[in-house]
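Reminder, nothing fancy here: chain letters follow the sequence lines and each chain counts from 1.
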There are 2 protein chains.
Amino acid sequence: MTEQSAAKLATLADVARLAGVSAMTVSRVVNEPAKVSPATQERVQQAMDQLRYRPNVMAQSLVRGRSRTIGVVTFDTAQYGPAAALLGIERAARERGYGVAIAAIERADHASLRDAVHSLDDRLVDGLVIIAPFVSTAGALRSLDRRTPVVLAGAGHAGEAPIVGIDQGKGASLATRHLLDLGHRTVHHVAGPSDWIESRLRTDGWRAALEAAAAAAPPPIEGDWSPLSGYNAGLLLANDPQTTAVFVANDQMALGVLSAFHERGIRVPEDVSIVGFDDTPESAFYTPALTTVRQDFILLGEVAVELLDRLVADEGSTAPVKHLIEPQLVIRASTGRMRQDHPHS
Amino acid sequence: MTEQSAAKLATLADVARLAGVSAMTVSRVVNEPAKVSPATQERVQQAMDQLRYRPNVMAQSLVRGRSRTIGVVTFDTAQYGPAAALLGIERAARERGYGVAIAAIERADHASLRDAVHSLDDRLVDGLVIIAPFVSTAGALRSLDRRTPVVLAGAGHAGEAPIVGIDQGKGASLATRHLLDLGHRTVHHVAGPSDWIESRLRTDGWRAALEAAAAAAPPPIEGDWSPLSGYNAGLLLANDPQTTAVFVANDQMALGVLSAFHERGIRVPEDVSIVGFDDTPESAFYTPALTTVRQDFILLGEVAVELLDRLVADEGSTAPVKHLIEPQLVIRASTGRMRQDHPHS
DNA sequence: AGATTCAATGTGAGCGCTAACATGCGGAAT
DNA sequence: ATTCCGCATGTTAGCGCTCACATTGAATCT
């Protein structure tokens, strides 16, 4: 194991001494090689290799006042969406030469968010991406004193901070209209937790699509994103013979609904059609394959970093941007035309 | 938005000036309050509040030579396992006052790993947790020059670095023996990619359990963890009338197998029994509910951080530790007794 | 030839903080 | 009183690096 922990790390000064130049010259070789003559460049390079020199990023950051690191505040969950967005962020950040520091929050409250933001802020990140999509997030954020630009990723009300998200309302409408177009008189809805902005926007989109079609909106059932809550909602829905179409606010809950229906002998899509939201890698392999709304989380992460990068560069333009990504309806086997005879009564 | 980006941040010196004490005293109030008299403590505290002082972690790190940050190298995937482990690490790190920086690698090659390790190393992390479970990882790691302690999380051959993992062989044996106990003559196997250590260990465990029962081991089918590859494997398996029991190396592929069997009219568990690996939140809601091997990824992350913390504290004991967590068989509806008449021929 | 430019390098200061070593002071010990 | 101790605080130096500004020497101009 080639570990040099014992032997002190080589510093700029060490390299300078070995190469017979000043520290500044070595610094230039590292940061702006064009300003150093080829000959000395060569000599310095050799010294660096020999000593295995690697710049101390921390010292650089201290003196430059920027760390080339972005902080990500994420919600403490192994859910597909946040995890994929984090990945997109990491990838985009790396491409632009940023490091990534993360802080997860376990609850939606003010204090957790403050701690997370401060812990990153104190580490002198150049900017923050927040994937903590609670209704309360934007407000909490406003009351915090921060030192860096922030981009909200996922959802949020514009005006608080620049925000990049996937058009939830659009996605929900797409899903609902699809079911309506299939001949269903109305569409039931299993919603996410009401303190998530995304839940609200999806519910709004569903309601809007129903209204536009002059269809009645049955009261939505609220879940917590988990398959189990979807299962429970499915049980409820199964008792209502009116149910012919369901729009579920995420794929995990849709799986639960599927499972409950299967257990109750309700066939999908023959008796009831189901649409999910997210398009996780698993969704195409559910039984039946799930019709759903695809969200490109990777792209979300990339756009967030790009935006943040711009904000970091010219600190002036803090115009409250709102960048919306188009979701996409993916039609698979869980939706079908409504049969004329009553479904399961 | 209370952003102070324009007004320069308050420094120790500013606080000292306002409180009428020396910088050192302020530093003491922050780090070892016991050494300062209550009276000045009070005064300094007031000055800090007034100026909204927050210590510059970077400057502290530079002078102390430690950053109270750990780096996590993870594989670029939204898979459940790595994502959950990352969460466990973050949580454990936060509890111990560590920040977390991440670097994802997209491919299994040497260069990617080196870049990731160096990029974290250069940011002066105090230690590294690596969740990049390729066969080649350990070797690559050895040839790298690093400056901090490393803990391998997930799997790995002992001896390269301290390692904490879930006992894959044990889990695979548990799964296989369960199927054998149900009366199946042999157990087919859908394996993960052969360049993942975890795949190999699971395959080994499966083979060992078969051998112990003097059962023949059919050639395993290799997938890539994805549901699609599981689906393809399922199609293959469906053609073989001998198949009565399948051990699939992760739940996502098991879902694919389930889907293929369903499509071919093979009933689970009546015709064929299936066991997965991981126990994702979805697994209990597959059709049928999946019997699987539970891995506690959160615990994995916590143990990894705990171990790393110890290594960071006393840099001496680099004894190659190996900490194994026990997996757990979760029996659900996808496994059943083998029927005496031939399954599906 | 002298003045002017430019490219290549060097110098000093300081980013914000803390380790290690002073300093000053009141009170206990002699 | 004198010595000594220990507490509360201050001073100096330096972590590793880059900024802003010299300083060189040679090439270019008039």
Side-chain angles (χ1 to χ4, degrees), chain A residues 4-5 7-45 47-48 51-69 121-126 147-148, chain B residues 4-5 7-45 47-48 51-69 121-126 147-148:
Chain A
Q4 315 192 281
S5 53
K8 262 215 311 252
L9 271 40
T11 75
L12 250 203
D14 297 330
V15 176
R17 207 170 307 122
L18 181 60
V21 296
S22 76
M24 197 62 233
T25 301
V26 180
S27 170
R28 285 197 184 96
V29 172
V30 173
N31 299 301
E32 22 183 27
K35 295 197 177 174
V36 177
S37 79
T40 37
Q41 218 173 116
E42 166 76 8
R43 208 143 36 89
V44 170
Q45 190 61 54
M48 294 203 299
L51 295 175
R52 291 219 160 102
Y53 172 75
R54 293 216 308 272
N56 182 328
V57 177
M58 220 136 219
Q60 289 181 320
S61 304
L62 182 61
V63 63
R64 287 182 183 153
R66 348 213 95 188
S67 59
R68 258 349 240 180
T69 298
D121 233 12
D122 290 347
R123 286 192 157 74
L124 285 203
V125 297
D126 290 347
R147 10 191 96 171
T148 64
Chain B
Q4 316 194 280
S5 51
K8 262 214 312 254
L9 269 43
T11 74
L12 249 201
D14 297 331
V15 176
R17 208 171 306 122
L18 181 61
V21 296
S22 77
M24 197 60 233
T25 300
V26 181
S27 170
R28 286 198 184 96
V29 173
V30 174
N31 299 301
E32 22 184 25
K35 295 197 176 173
V36 178
S37 79
T40 35
Q41 217 173 114
E42 167 76 9
R43 208 144 37 90
V44 170
Q45 191 60 54
M48 293 203 299
L51 297 175
R52 291 221 160 100
Y53 173 74
R54 291 218 307 273
N56 183 328
V57 178
M58 220 134 219
Q60 290 182 320
S61 303
L62 181 61
V63 64
R64 287 182 182 152
R66 348 212 98 192
S67 59
R68 258 349 241 181
T69 298
D121 233 11
D122 289 348
R123 286 193 156 75
L124 285 202
V125 297
D126 290 347
R147 10 190 97 172
T148 64

A.B. asks: Would Arg66(B) and Asp126(B) pass as an ion pair if we require N to O under 4.0 Å?
C.D. replies: no
A.B. asks: Choose from dC17(D), dT18(C), dC15(C) the nucleotide whose nearest atom is closest to any side-chain atom of Asn31(B).
C.D. replies: dT18(C)
A.B. asks: Choosing from dC17(D), dT11(C), dC21(C), which nucleotide comes nearest the side chain of Arg28(B)?
C.D. replies: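 Closest of the options to the side chain of Arg28(B): dC21(C).
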A.B. asks: Under the criterion side chain to side chain contact (heavy atoms under 4.5 Å, CB included), I'd like the reasoning laid out for Leu51(A) against Thr11(A): C-alpha separation, chi angles, the key distance, then a yes or no.
C.D. replies: CA-CA 9 Å; Leu51(A) 295 175; Thr11(A) 75; over 6 Å; no
A.B. asks: So, OP1 or OP2 of dT9(C): does either fall under 4.0 Å of a side-chain N or O from Ser37(A)?
C.D. replies: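 The answer is yes; a side-chain N or O of Ser37(A) sits under 4.0 Å from OP1 or OP2.
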A.B. asks: Please tell me which of the listed nucleotides, dC17(D), dT18(C), dG16(D), lies nearest to the side chain of Val63(B)?
C.D. replies: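 The listed nucleotide nearest to Val63(B)'s side chain is dT18(C).
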A.B. asks: Ignoring the backbone of Asn56(A), work out which of dC15(D), dC17(D), dT11(C) is nearest its side chain.
C.D. replies: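 Nearest nucleotide to the side chain: dC17(D).
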A.B. asks: Under 3.5 Å, is there a donor-acceptor pair between the Arg123(A) and Thr69(B) side chains?
C.D. replies: yes
A.B. asks: Think Gln60(B) has a side-chain N or O under 4.0 angstrom from the OP1 or OP2 of dC17(C)?
C.D. replies: no
A.B. asks: Output the rounded distance in Å from CD (Glu32(B)) to C1' (dA19(C)).
C.D. replies: 10 Å
A.B. asks: Step by step, work out the side chain to side chain contact (heavy atoms under 4.5 Å, CB included) result for Asn31(B) and Gln60(B).
C.D. replies: CA-CA 11 Å; Asn31(B) 299 301; Gln60(B) 290 182 320; 4.0 Å; yes
A.B. asks: Phosphate oxygens OP1/OP2 of dC17(D): is one of them under 4.0 Å from a side-chain N or O of Ser27(A)?
C.D. replies: no
A.B. asks: Would you say dG10(C) has OP1 or OP2 under 4.0 Å from some side-chain N or O of Thr25(A)?
C.D. replies: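 Result: yes.
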A.B. asks: Between Thr40(B) and dT9(D), does any side-chain N or O lie under 4.0 Å from OP1 or OP2?
C.D. replies: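 True: Thr40(B) side-chain N/O within range (under 4.0 Å) of dT9(D) OP1/OP2.
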A.B. asks: Given side chain to side chain contact (heavy atoms under 4.5 Å, CB included), test Leu9(A) with Tyr53(A) step by step and report yes or no.
C.D. replies: CA-CA 8 Å; Leu9(A) 271 40; Tyr53(A) 172 75; over 6 Å; no
A.B. asks: Please determine if a side-chain N or O atom of Thr11(B) lies less than 4.0 Å away from the OP1 or OP2 oxygen of dG16(C).
C.D. replies: no
A.B. asks: Of the listed nucleotides (dC19(D), dT18(C), dT9(C)), which one gets closest to any side-chain atom of Met24(A)?
C.D. replies: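 Of all the options, the side chain of Met24(A) is nearest to dC19(D).
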A.B. asks: If each of Ala34(A) and Ala23(A) is mapped to the nucleotide of DNA chain C with the nearest heavy atom, which maps nearer the 5' terminus, i.e. the 5' end?
C.D. replies: Ala34(A)
A.B. asks: From dG16(C), dC17(C), dT9(D), pick the nucleotide closest to the side chain of Leu62(B)?
C.D. replies: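 Out of dG16(C), dC17(C), dT9(D), the nucleotide with an atom closest to Leu62(B)'s side chain is dG16(C).
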